[in-house]
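Computed from a prediction, not measured in an experiment: that's the story for all the values here.
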Amino acid sequence: MSKKRQITIVDIAEAAGVSIATVSNVLNRRNVPMTPETIRKVEQTAEQLGYRRNVMAASLSRKKSYELGMLVPVFGGYHGQFAEEMQRMAHGYGYHLSVFSAAGFDPEIEKRHLDVLLQRRVDGLICHGLAMSQEATRHLVGEGTPLVLFNAWGWPNDIAVGAVNLDFVDGCDEAVRHLYEQGCRTIVYLAKTSLYATDLQRRAGFRNGLSKLPEPVPYDMIDSDEVETIDQALEQVERLWNREAPVGILGFDDVISLAFMSAVQRRGYRVPEDFRIAGINNDPVTTVCHPMLTSLDIPYALQAEMTMMLMLEALGDTRALKQSPADEARKLKRIGHEIQIPLRLIARRSSIAEALE
DNA sequence: ATTATGCTGGACCTGCTAGC
DNA sequence: GCTAGCAGGTCCAGCATAAT
């Protein structure tokens with residue numbers, strides 16, 4: 001079946017009896033003087049003929065696609081929510097966002113998606129801390145398409161114009177302090193090494209937190225990818241626990257924390273009497289489980305906004321310079337070309353001692 | 001004569017194909 | 001192998017006309 005010829009602005013110009021430039025001006029609502037009659041005529045003709053804008057042609061002409069490419073390791077969870085927020089943010093600035101998933105941290109799939117996005121001439125790329133090597137990334141994006149990273153630490157700025165990172169170090173530090181203050185004298189981090197950089201940041205924060213406590217506390221870091229079931233992780237914790245004070249648990253994310261909480265409750269322990277548990281992400285499910293789960297809240301909108309600002313700046317878009325609250329007011333830290341977004345601990349029943357009768 | 005308004009003409013964008 | 005032409009838009013200099 002041959003494709004039906006598409007209606008173009010040439011057809012509209014002919015039918016409406018004006019030039020194609022006038023049609024372009026009307027349909028793009030450019031601020032050029034035009035009579036209301038011309039505007040009405042063009043709009044009506046476009047409507048009647050069923051015109052649909054050809055973005056490829058527009059990109060060709062403007063040498064700009066107004067399309068951004070985004071690569072996330074997986075759809076769902078934090079990445080799903082962040083992609084949604086990014087999409088909203090990009091749309092607000094007149095950009096369309098194409099989001100691809102790298103199916104975990106598969107460097108081959110990452111490379112393929114990045115290739116496709118560059119072939120499509122996206123104006124910019126927004127990526128997680130990539131699994132593919134920095135050299136390969138440099139080679140791929142080295143031709144002028146700006147790359148803004150999120151949750152990527154230590155990438156040189158000849159590859160990425162900047163990175164907007166969640167401050168897991170301070171966040172986990174605070175979570176450890178919170179668990180200690182709530183009476184925990186054994187503290188365990190349930191890690192997820194398959195998520196590389198973000199896990200390393202959490203580990204660093206966990207260690208920082210422990211080192212700042214007034215006394216040394218038995219601790220462990222259990223990799224949830226290593227143990228067969230979450231019950232095995234619980235058994236490992238039981239071997240460490242002296243039963244004199246509750247155990248504090250910090251999970252890699254809310255899903256892991258909730259899985260652990262279920263295992264604990266199945267085994268007949270009580271939360272928060274025996275186990276005091278915290279997660280990361282502040283997923284909506286944290287307020288519908290029992291007891292409600294303490295979690296580190298992620299300011300998605302702020303992270304998306306800062307990512308968009310870096311991108312607009314790299315694209316020479318003056319809107320990036322518009323007045324926004326000062327970094328101090330938002331507790332943002334800048335380390336070189338990296339921006340650190342603060343996390344906020346939301347304490348709920350799963351970890352609070354004094355809420356008990 | 002000068003200025004403002006409303007519109008037009010044509011160069012240009014990139015990558016591919018057809019013709020020479 | 002080289003060149004011209006095409007796709008469907010954008011952009012801007014410049015034109016015709018009306019108003020001052």
Side-chain angles (χ1 to χ4, degrees), chain A residues 1-71 86-100 108-127 130 132 136-148 158-161 308-322:
Chain A
M1 201 174 95
S2 70
K3 198 176 165 203
K4 203 174 134 201
R5 196 183 78 85
Q6 302 278 315
I7 298 298
T8 71
I9 60 169
V10 176
D11 300 313
I12 300 171
E14 270 171 21
V18 296
S19 73
I20 55 170
T22 300
V23 175
S24 177
N25 284 335
V26 171
L27 298 181
N28 288 292
R29 310 198 190 290
R30 286 202 195 87
N31 196 19
V32 292
M34 272 176 298
T35 60
E37 170 60 15
T38 304
I39 295 170
R40 190 192 56 77
K41 203 164 56 184
V42 169
E43 285 178 343
Q44 219 165 51
T45 310
E47 172 81 33
Q48 278 164 4
L49 296 179
Y51 170 75
R52 180 170 284 139
R53 198 168 116 86
N54 183 330
V55 291
M56 287 206 294
S59 307
L60 182 63
S61 173
R62 282 192 300 217
K63 291 204 278 184
K64 196 169 160 61
S65 63
Y66 283 95
E67 172 120 7
L68 300 175
M70 184 173 186
L71 193 56
M86 265 324 299
Q87 195 173 52
R88 236 193 309 278
M89 193 60 68
H91 193 250
Y93 283 93
Y95 286 84
H96 181 260
L97 186 72
S98 292
V99 186
F100 288 9
E108 272 309 305
I109 296 178
E110 277 180 359
K111 185 178 177 308
R112 199 168 67 218
H113 284 329
L114 285 176
D115 245 335
V116 168
L117 288 166
L118 290 168
Q119 281 170 15
R120 288 187 184 183
R121 299 295 191 269
V122 292
D123 290 338
L125 289 165
I126 298 163
C127 299
L130 296 162
M132 58 191 273
T137 312
R138 181 183 283 117
H139 181 73
L140 204 61
V141 302
E143 293 128 38
T145 307
L147 169 66
V148 175
D158 67 318
I159 298 178
V161 297
M308 195 65 202
M309 287 308 116
L310 283 184
M311 181 57 77
L312 290 175
E313 218 170 286
L315 294 171
D317 192 317
T318 50
R319 289 174 294 180
L321 299 169
K322 75 162 200 230

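Within 6.0 Å of the NZ atom in A/Lys111, the count of heavy atoms belonging to other residues, nucleotides or ligands does not exceed 12.
Counting all heavy atoms, side chain and backbone alike, A/Val122 lies closest to A/Ser65 at CA-OG, 3.6 Å. The two atoms that bring A/Ala46 and A/Ile12 nearest to each other are CB-CD1, 3.7 Å, heavy atoms only. Scanning all heavy atoms of the two residues, the minimum distance from A/Val161 to A/Leu310 falls at CG2-O, 4.4 Å. What you find for A/Ile7 and A/Asp11 is that their closest heavy atoms are CA-OD2, 3.4 Å.
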Would you list the atom pairs, donor with acceptor, under 3.5 Å between side chains in residues 20-27 of chain A and any protein atom, with sequence neighbours excluded?
unit_1, atom_1, unit_2, atom_2, d
A/Thr22, OG1, A/Ser19, OG, 3.0
A/Ser24, OG, A/Asn28, ND2, 3.4
A/Ser24, OG, A/Arg30, NH1, 3.2
A/Asn25, OD1, A/Arg30, NH1, 2.9
A/Asn25, ND2, A/Ala21, O, 3.3

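The side chain to side chain donor-acceptor pair (under 3.5 Å) check on A/Thr38 picks up A/Thr35, with sequence neighbours excluded. For A/Ala90, the side-chain contact (heavy atoms from CB on, under 4.5 Å) partners two or more places apart in sequence, or in a different chain, are A/Leu68, A/Tyr95, A/Leu97, A/Met308. Scanning for ring-ring contact (aromatic ring centres under 6.0 Å, His included) contacts around A/Tyr51 gives an empty result, with sequence neighbours left out. Applying the side-chain contact (heavy atoms from CB on, under 4.5 Å) criterion to A/His91, with sequence neighbours excluded, gives no partner residue.
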Show me the protein contacts with nucleotides 6-8 of chain B, counting only N or O atoms at under 3.5 Å.
unit_1, atom_1, unit_2, atom_2, d
B/dC7, OP1, A/Thr35, OG1, 3.1
B/dC7, OP1, A/Thr38, OG1, 2.1
B/dC7, OP2, A/Thr35, N, 3.0
B/dT8, OP1, A/Ser19, N, 3.3
B/dT8, OP2, A/Ser19, N, 2.7
B/dT8, OP2, A/Ser19, OG, 2.7
B/dT8, OP2, A/Thr22, OG1, 2.4

With the criterion being N/O to N/O and under 3.5 Å, what pairs connect the protein with nucleotides 12-14 of chain B, and how long is each?
unit_1, atom_1, unit_2, atom_2, d
B/dC13, O2, A/Leu60, O, 3.2
B/dC13, O2, A/Ser61, N, 3.2

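Every pair tested for ring-ring contact (aromatic ring centres under 6.0 Å, His included) that includes a residue from residues 20-50 of chain A fails, sequence neighbours excluded, so the list is empty. Screening residues 42-54 of chain A for salt bridge (charged side-chain N to carboxylate O under 4.0 Å, His left out), with sequence neighbours left out, gives A/Arg29-A/Glu43. Applying the salt bridge (charged side-chain N to carboxylate O under 4.0 Å, His left out) rule to pairs touching residues 31-40 of chain A yields A/Glu37-A/Arg40, sequence neighbours excluded.
The rotation axes computed at either terminus of the helix from B/dA1-C/dT20 to B/dC20-C/dG1 lie 50° apart, taking five pairs at each end and rounding to 10 degrees.
Going from atom CD1 of A/Ile12 over to atom P of C/dG8 covers 12 Å, rounded to whole Å. The distance from atom CD1 of A/Ile9 to atom P of C/dC11 is 11 Å, rounded to the nearest whole Å.
Within residues 41-56 of chain A, the residues that have a heavy atom under 4.0 Å from DNA chain C are, in order of number, A/Tyr51, A/Arg53, A/Asn54.
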